[in-house]
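Here the structure comes first, spelled out in structure tokens, and everything after it is commentary.
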Amino acid sequence: MTALATGTPPGVAPTRRPVALRVAPPLVGYALVAAVLLATGTPAVDLARFTGYALFGVLLPGTLVHRALRARPHTLVEDLAVGAAVGLVLELAGWAVFTGLGVPHLLWLWPLAVVTPFVAVPRLRRHWRVTGYTAVPAGWAWSLTAVVAGFTWYLAESFLRPNPVLPTREGQAQYIDLAFQLSLAGAATHQMPPEVPQVAGEPLHYHWFGFAHLAAASLVSGVDLPTVFFRLAVPALCALAAVLVAVVGWRVSGRAYVGVGAAALMFTVGEFGYENGVRQLFGTQATFIVWGSPSMTYSWVLLLPLVAVLADLVGRARGSAVPPLGRGAWVLAALFLAASTGAKASSVPVALGALGFTALVLLVTRRRVPRPLLGAIGLTLAAQFFATAVLFRFVSHGVTVDLFSGLRPYVPTSGSVTALSWVAVTVAFLLNLQLRLAGVLALVGVRRGRLEPVQLLLLGGALAGPAIYLLVGHPGSSNQYFVRAGFAFGVILSAWGYAEVLDRAVLSPRARVALAAGAAVLALLCTVIQLRHPATVEAGTAYGPVLPLLRWAVALAVVATVLGLLWPALVGGWPALAGRGAAVLLTGVLVAGAPGLVLDAAAARRFPNGGAYAVVPMPASRVEAARWVHRHSDPDDVLATNVHCRVVTDGWCDARSFWLSGYAERAVLVEGWSFAPRMVGLPGGAYAPFWDPRRLAANDAAFTAPTAAGLSDLRDRYGVRWLVLDRAVTPEPPALADLADERFRNDRMSVYRLR
């Protein structure tokens, strides 16, 4: 973090280094990521194919378009990172066209639609080779490489190792959402727009763009979809997001090391008090979100460059040497907003909140709102209306106005301590999810509240995320995704504040090294203490889950207080410490959450699926049958199965079963229906009954009392072509062999094709 004070002065380009030294950081970073993937069972040929897809199917067309839109170049890494994000937007359009026309197998041709004009049109050819780039500082490049490498190690321990591409044993456990997400990507390989895979023909009013990307990655690269999903896509998106934080932070602030500091806050520092007894405090943890919900990471990849574009429109940082984007910023804003509408439902509302906050503050303080800001608000409102009306069809997905619903479970409903409990829980929430943004308060203090418009934009986004979280409720805690969207704004402003605090400290190179060493020691001590002495939660009280975090905070606060009391004496002994107390304190606060990634990775060795989250059995025999169906069926074939329930409790079915649609990549007549948009938020939740009893009865009769007429009705009325029977759930009826053709059998599963 202390490298934030060592950036090149504005307007002064670093000395250009030999090409070999300049390309070493990205090559080393790629080599480390590739080594992790190979070590966790990724076939080398699949890694090579995916790399080719990323370079020529996303990076090349996106970079060419980005160069054509932005006015002047800044750094090569910015062109490539933002170009990759533009490439993902273009890929979405290409996927929609090819899949909508019924030729998804030809999707590998879509980059030609972009590359060909840049070859044929003379005015566009200049974008193949660009000069005038600002050289990237070596420390910046290597620091970013370290962030990417460290986070990839975390992914290896928490996600890649515990989750095989295909289960190899009957006792395999898997996080409950993964098969569902895989099924959405499978549907996107042949449907535009995709439907609910578990209920054939049911519309999917959902943010599904990220799953269309996974489908496109498989279709273009030729890599099997489970390998893309369980191995390649998540590390690639996380690495790209980390690089984007760094380049966007540099562009927005005009300071190189603000960007890499923001990347460290986003992808190295986790939630404070992460392992202190409760691992899902205030919703699912951000360290888990990147693989438990890959659409979140995909949305960051689109939201981060949108932040850069909006910042350019709102007002650039004073004294910044970063060139403006020019008129092409409006086109880029439209592209990233359009893609963000269906990437994650949390992105556009937080961006709108950031713009609205900026407009309000400028109206109050300057009595006017700049026209570009008004234009950006209008564009964002249009994007939100499109998402609400077209993508989600005004379906709320269980989101309701429910003030403080995320905090309420930890507050007693009666008793004299209720008011104090609300205060304690609110403090715990801020510490747990917002401590890495402490640099924001430092910046406001240093600037005495007089922030520039671009800083107001970042502050607005950082506030909008948790504000929406506290305003709305969701039965599955999905309101916490708004907080994650706010991180894209907040970490940049926090790193900016830290940089200005370090500027005031005027640290010598030796002092910077000492501060960095002290930060590393503090992070190590916190990690070791929490690993060796994990706290336990007091049962029987609503506020019990937040007590371990608060105790840990008090312990660290006591240490900080003692150090503060001793500071005058320390300054007397070491005069070089004078004026550096604020820098030391803020450094300690920002690294207090650093144990999060290590602790989450360590937890993977104690829990069967890589985390203390809801799991489902994923027997290898089931997946073997599903993959056989995938290889031997047509994409439009509909399957029927006798497996609907994760568990049955007192006659109620927990209908969160997604394994068949996930691994077969085919629509199922009725599988698990709990995640269908019409079901989310209904009374009963996962236990609510299926809405079409006639369809369910026709489906189940095929596995309990099959008749020729019943199977013909399934085939002709519902389009069913295959029956997938789990004999551990329902005994195989003898008559089925006479009415359908058995095509596959293992120790547990039978697959029949209807005649």
Side-chain angles (χ1 to χ4, degrees), residues 10 65-74 78 82 85-86 89 247-255 302-341 347-390 440 443-444 447 449-465 467-468 485-486 488-490 492-493 496:
V65 171
H66 176 247
R67 285 174 172 175
L69 291 174
R70 57 107 175 98
R72 289 189 293 150
H74 177 216
E78 179 182 277
V82 179
V86 172
V89 178
V247 300
V248 171
W250 185 348
R251 165 165 286 280
V252 168
S253 68
R255 307 171 61 131
L302 301 171
L303 181 58
L304 285 161
L306 176 61
V307 171
V309 175
L310 295 179
D312 200 80
L313 295 174
V314 167
R316 294 160 40 74
R318 286 195 296 266
S320 174
V322 178
L325 292 172
R327 294 180 179 178
W330 289 104
V331 179
L332 289 170
L335 288 174
F336 290 128
L337 278 169
S340 293
T341 57
S347 293
V348 178
V350 171
L352 187 59
L355 291 168
F357 176 84
T358 307
L360 179 62
V361 174
L362 291 180
L363 181 62
V364 171
T365 59
R366 302 185 183 183
R367 300 296 188 270
R368 60 180 295 271
V369 179
R371 288 185 179 180
L373 177 54
L374 291 175
I377 291 175
L379 199 61
T380 309
L381 280 171
Q384 183 59 51
F385 178 78
F386 171 81
T388 303
V390 178
V440 174
L443 180 67
V444 173
R447 299 253 175 159
R450 294 188 290 270
L451 301 182
E452 303 172 39
V454 63
Q455 294 169 333
L456 290 174
L457 177 76
L458 297 174
L459 179 59
L463 293 174
I468 298 174
F489 297 81
I492 296 173
L493 194 61
W496 199 340

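Treat the numbers as computed from the prediction; the structure is a model and nothing was measured.
The two residues Leu306 and Ala351 have their closest heavy-atom pair at CD2-CB, 4.4 Å. The minimum heavy-atom distance between Trp496 and Ala317, with the atom names listed, is CH2-CB, 3.8 Å. Of all the heavy atoms in Gly315 and Val454, the pair that sits closest is O-CB, 3.1 Å. Nearest heavy atom pair, residue Val440 against residue Leu459, reads CG1-CD1, 3.6 Å. Listed here is the closest heavy atom pair of Leu379 and Ala333: CD2-CB, 3.9 Å. When all heavy atoms of Gly490 and Ala462 are compared, the pair lying nearest together is CA-CB, 3.6 Å.
Looking only at side-chain heavy atoms (C-beta outward), Val307 and Leu458 come within less than 4.5 Å of each other. Counting only heavy atoms from C-beta outward, the side chains of Leu325 and Arg251 approach each other to under 4.5 Å. Between Leu493 and Gln455 there is a side-chain heavy-atom pair separated by less than 4.5 Å. Side chains of Leu355 and Val314 form a contact here, defined as non-hydrogen atoms less than 4.5 Å apart. Annotation: side chain of Pro305 is not in contact with side chain of Leu332 (no heavy-atom distance under 4.5 Å). Here the side chains of Pro453 and Arg316 are not in contact, with every heavy-atom distance at 4.5 Å or above. The shortest side-chain heavy-atom distance between Arg318 and Ser320 does not fall under the 4.5 Å cut-off.
For the pairing with Phe357, the side-chain contact (heavy atoms from CB on, under 4.5 Å) check across Leu362, Leu456, Leu352 returns one residue only, Leu456. Tested against Ser340, the residues Val348, Val350, Val89, Leu335 include a single side-chain contact (heavy atoms from CB on, under 4.5 Å) partner, Val348.
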### Message
For a side chain to side chain contact (heavy atoms under 4.5 Å, CB included) check, start with the C-alpha distance between Val252 and Val322, then their side-chain angles and the critical distance, and finish with the verdict.
### Response
CA-CA 8 Å; Val252 168; Val322 178; over 6 Å; no

### Task
Using the side chain to side chain contact (heavy atoms under 4.5 Å, CB included) rule, take Arg70 and Val82 through it: C-alpha gap first, then chi angles, then the decisive distance, then the call.
CA-CA 11 Å; Arg70 57 107 175 98; Val82 179; over 6 Å; no

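Salt-bridge check for Glu452 with Arg447: passed, with a basic side-chain N closer than 4.0 Å to an acidic carboxylate O.
Taken to the nearest 0.5 Å, the CG atom of Leu310 stands 9.5 Å off from the CG atom of Leu373. Between atom CG of residue Leu313 and atom CH2 of residue Trp330 there is a gap of 4.5 Å, rounded to the nearest 0.5 Å.
Checked by atom type and distance alone, the side chain of Thr341 pairs as donor or acceptor with a backbone atom of Ala338 at under 3.5 Å.
Side-chain contact check for Gln384 and Thr380: no donor-acceptor pair (N or O, by modelled atom type) lies under 3.5 Å.
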